[in-house]
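Residue numbering restarts at 1 for every chain, and letters A, B, ... go by the order of the sequence lines. Source: prediction; values computed, not measured. As a basis for the values below, the full set of heavy atoms in this structure was taken, side chains included, without hydrogen atoms, waters or symmetry mates.
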Amino acid sequence: MERMEELTRFEVTRILGARALQISMGSPVMVEVEEGESPLEIAKKEFERGVIPVVVIRER
Amino acid sequence: MYEFVELETTVRIPPSHFTSDVEEAVLKALENDVEGKLFKEDDSGEPVGFVVLVDEILDIEHEGVFPGDGAAYHRVRFRALVFRPEEREVTVGEVTRVKEYGAFVRLGPLDGLLHVSQILDEYMYYDGAREALVGEETGRELKKGDIIKVMIIGVSLNEERPRESKIALTVKKPGLGKPEWWE
């Protein structure tokens, strides 16, 4: 996650969406979770902390 | 019959199975997908055979996560022990079931069918009470539990419906059949 600032808004959306979907499907989570947090909120928290286990591969 | 074969397939790991050890997760998913089933390499015609055991993973290529599905996909190259019946192969099996039209012989993970016309050079009638096929002239019989040497004369493996796979057998060649039939 070294170049987080260079991600396009579309990539960010895709990452958050995919991660939220994974969490809703039962994926282990990399941050502590409060009661009533939605998968998307959890995904956002992971993203802010830079701990989402996802790599964006760009084909240029 | 049994061979080590190098195969390739795509494996899907659902988020609920995510773990820190990717190789282990891939191996588990692969074993689950492939072991104990007829294997076909990506819609390419006939199945390769019946996978008895995944031996070793040779290579993993991480494909990624696709839109709409949270699961992780990996392309895996692996070696497996495969049961591969081939025409003209001679093998030994045990008779598991006898019907009017023939006998089913267990060859390994799969059964073959020995049609009644492929057993003896005489008419064989079906004895339902004893579940046996009996030769009209010689009285030779074939029943459940018999050990018999057979030759495979036809293979038709159905991947979607393994039960409808057909392995056709014969014993109408020298040296085949039940040991007590040999002179």
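- Around atom CZ of B:Arg77, more than 12 heavy atoms belonging to other residues, nucleotides or ligands sit under 6.0 Å away.
- Looking at B:Val65 and A:Arg19, their side chains never come closer than 4.5 Å, going by heavy atoms from C-beta outward.
- More than 12 heavy atoms of other shown residues, nucleotides or ligands fall within 6.0 angstrom of atom NZ in B:Lys172.
- Residues passing the side chain to side chain donor-acceptor pair (under 3.5 Å) test with B:Thr138 are B:Glu122, sequence neighbours excluded.
- Counting heavy atoms of neighbouring residues, nucleotides and ligands inside a 6.0 Å radius, atom NZ of B:Lys173 does not exceed 12 of them.
- Looking at A:Gln22, its side chain never comes within 3.5 Å of a backbone N or O of B:Pro15 through a donor-acceptor pair.
- Residues A:Ser27 and B:His17 form no side-chain contact, since every pair of their non-hydrogen atoms from C-beta on lies 4.5 Å or further apart.
- Annotation: maximal heavy-atom pairing with chain A below 4.5 Å, among B:Pro67, B:Pro14, B:Ala72, occurs at B:Pro67.
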